[in-house]
Amino acid sequence: MGPYARAHTRAPSVARAIIFCQVGKDCGTVPRASLFPHGPTGFTDMATCARTVWKALAGCQRQLLRAGGPAHAGRSRAAPTNPPVRTLAAVKPLRKDKKEDAAKEAQKEKRVVDDAGRHKPYGRTAWAPVDDVYFMRYYPRAVYGAADAIDMLKGFQKLDFTPIKQPVYIDLKLDMKLEKKRRVESFVSTVHLPHPFRTEMNSVLVFTEDADQARAAMEGGAAFAGGVELMQSILDEEISADYYVAVPAILPKLVPLKNKLRKKFPKGTRGSVSGDIAQMLALFQKGHEVLVENDCYVRTQIATLDMNAEQILNNLQRVLMDVCSHRPASMGPFIERAIIASQTSEALWFRSQDVLPEDK
């Protein structure tokens, strides 16, 4: 055990030894081995020796503190000599009441500016641009009639020298909100377009355990027809089809296919479950599928640009009427925003109410 470790128990003795060693060193007359010198020759000047003693005592105290030794037995060696003083503190945020927030949001209404009678719309430069090239954000968005929008698409094709036989798409945004935070359920439907644009027919698989119905389905153009023996081939992805239809009697046995087929699983509301197999084949072989994506959007092709304007307009009207047929009776307008565009043209906003009957 070293001399500093014994400083806890013998601090006074060590202090005296260091004091007198320092006294002898400063005075130059006391031998270092002698701790208690005696005689007049030991101290020539008592005042000088006294000052030396006090200096040695102060140096001894600083040495003990610098070495990390505790001043008393109750003081911890790990404790910092000068602990930091915290002068700032974070204020605990107040917890807001959720009911109060909901009430404030309910009271907060969206500001509606009436532009009627104004010389220009609120926040815009003018009602319509004067130049051929302009910034669209400075003017209200142009909304065209459906027939005018189709004519403009044909004009864009001629100006840009793009292929005449290119698809025409529509993009609809639907109002799916109901009362009490409920929503209209997303739907999938199949429609017959007045002017089909696809040359090949869709493949249809028919589920039936009646041999005569299966034979009639194959003669009618079904890709596959049969009973539960087809289930394993479908699960193993050995056979597949664009549409799956079934007769009502076999439907309970097809439950294991629900996770595999998902939206293509036969369902009565989609017209894929019926006893009239010939009617289902006629619908799904040449039918066009319309479905809701991302909760409220319908994006689908309706025609090709090489068709005449009247044919494109008829197909557009048929798709819009089918979409609006899923609207609840208590709701107002179902289509919030309608866009039409070809594969190479810009998107044009059009008024869907010009195409739909008044009750839609």
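Note that the coordinates shown come from a computational prediction; the quantities given were computed from them, not determined experimentally.
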#### Entry: Trace of the side-chain contact (heavy atoms from CB on, under 4.5 Å) decision for T208 with I250
CA-CA 6 Å; T208 178; I250 198 176; 5.8 Å; no
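- Side chains of I277 and V247 form a contact here, defined as non-hydrogen atoms less than 4.5 Å apart.
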### Task
Show the numbers, then the answer: is there a side-chain contact (heavy atoms from CB on, under 4.5 Å) between L251 and F265?
CA-CA 10 Å; L251 193 61; F265 187 80; 4.2 Å; yes
### Task
Show your reasoning for whether side-chain contact (heavy atoms from CB on, under 4.5 Å) applies to I164 and Q157.
CA-CA 7 Å; I164 183 62; Q157 182 272 325; 3.4 Å; yes
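- No side-chain heavy atom of L313 sits less than 4.5 Å from a side-chain heavy atom of Q317.
- Under a hydrophobic clustering in which Ile, Leu, Val, Met, Phe, Trp and Tyr are joined whenever their side-chain heavy atoms come within less than 4.5 Å, directly or via other members, F224 and L261 fall into the same cluster.
- The side-chain heavy atoms of V319 and L193, taken from C-beta on, include a pair separated by under 4.5 Å.
- With contacts defined as side-chain heavy-atom distances shorter than 4.5 Å, the pair I234/Y244 qualifies.
- In terms of heavy atoms, A149 sits closest to L348 at O-CD1, 3.6 Å.
- Under a cut-off of 6.0 angstrom, the local environment of CG in N259 is sparse, with at most 12 non-hydrogen atoms contributed by other residues, nucleotides or ligands.
- With contacts defined as side-chain heavy-atom distances shorter than 4.5 Å, the pair D242/S203 qualifies.
- Neither V143 nor Y134 shares a network with the other; the hydrophobic side chains, linked directly or stepwise wherever heavy atoms of I, L, V, M, F, W or Y lie under 4.5 Å apart, form separate groups for each.
- Evaluation of the side-chain contact (heavy atoms from CB on, under 4.5 Å) rule for D236 yields Q232, E238 as partners, not counting sequence neighbours.
- Put simply, CG on L205 and OH on Y243 are 14.0 Å apart, with the number rounded to the nearest 0.5 Å.
- Pairs of residues two or more places apart, or lying in two chains, that qualify as salt bridge (charged side-chain N to carboxylate O under 4.0 Å, His left out) and include a residue from residues 211-225 are D212-R215.
- W349 and I340 are not part of a single hydrophobic cluster, where members link through side-chain heavy atoms under 4.5 Å apart.
- Comment: D171 engages R337 in a salt bridge, judged by a side-chain N to carboxylate O separation of less than 4.0 angstrom.
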Enumerate donor-acceptor pairs with a distance under 3.5 Å from any side-chain N or O in residues 279-295 to protein atoms, sequence neighbours excluded.
| residue | atom | partner | partner atom | Å |
| --- | --- | --- | --- | --- |
| Q285 | NE2 | G221 | O | 2.9 |
| H288 | NE2 | T300 | OG1 | 2.7 |
| H288 | NE2 | Q301 | O | 2.8 |

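- In this structure, the side chains of N315 and M307 come closer than 4.5 Å at one or more pairs of heavy atoms.
- Using a 4.5 Å heavy-atom cutoff, the side chains of L174 and I335 are in contact.
- Smallest separation of non-hydrogen atoms from K120 and A126: CB-CA, 4.0 Å.
- Rounded to the nearest 0.5 Å, atoms CZ (F334) and SG (C296) are 10.0 Å apart.
- Heavy atoms only, all atoms of each residue included: A341 and A347 are closest at CB-CA, 3.9 Å.
- V191 and F187 fall within a single hydrophobic cluster, where Ile, Leu, Val, Met, Phe, Trp and Tyr are joined by side-chain heavy atoms under 4.5 Å apart, directly or via other members.
- Both L172 and M321 are part of a single hydrophobic cluster, where members link through side-chain heavy atoms under 4.5 Å apart.
- Within the model, atoms CD1 of I312 and CD1 of I170 stand 12.0 Å from one another, a figure rounded to the nearest 0.5 Å.
- When side chains are defined from C-beta on, Q353 does not count as touching P333, because their heavy atoms never get closer than 4.5 Å.
- L235 and P256 get closest at one heavy-atom pair: CD2-O, 4.3 Å.
- In this structure, F156 has no ring-ring contact (aromatic ring centres under 6.0 Å, His included) partners at least two apart in sequence or on a different chain.
- Annotation for E336: atom CD counts as buried by contact number, over 12 foreign heavy atoms lying within 6.0 Å.
- Here the shortest heavy-atom pairing between C324 and L356 reads SG-CD1, 3.6 Å.
- Here K260 contributes atom NZ and S240 contributes atom OG; the two are 9.0 Å apart, rounded to the nearest 0.5 Å.
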### Task
Please lay out, stage by stage, how F207 and L257 fare under the test side-chain contact (heavy atoms from CB on, under 4.5 Å).
CA-CA 12 Å; F207 287 107; L257 292 177; 3.8 Å; yes
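- Among residues at least two apart or in separate chains, salt bridge (charged side-chain N to carboxylate O under 4.0 Å, His left out) pairs with a member in residues 185-209 are R198-E200, E209-K253.
- Counting only residues at least two apart or in different chains, salt bridge (charged side-chain N to carboxylate O under 4.0 Å, His left out) contacts with residues 145-159 are absent.
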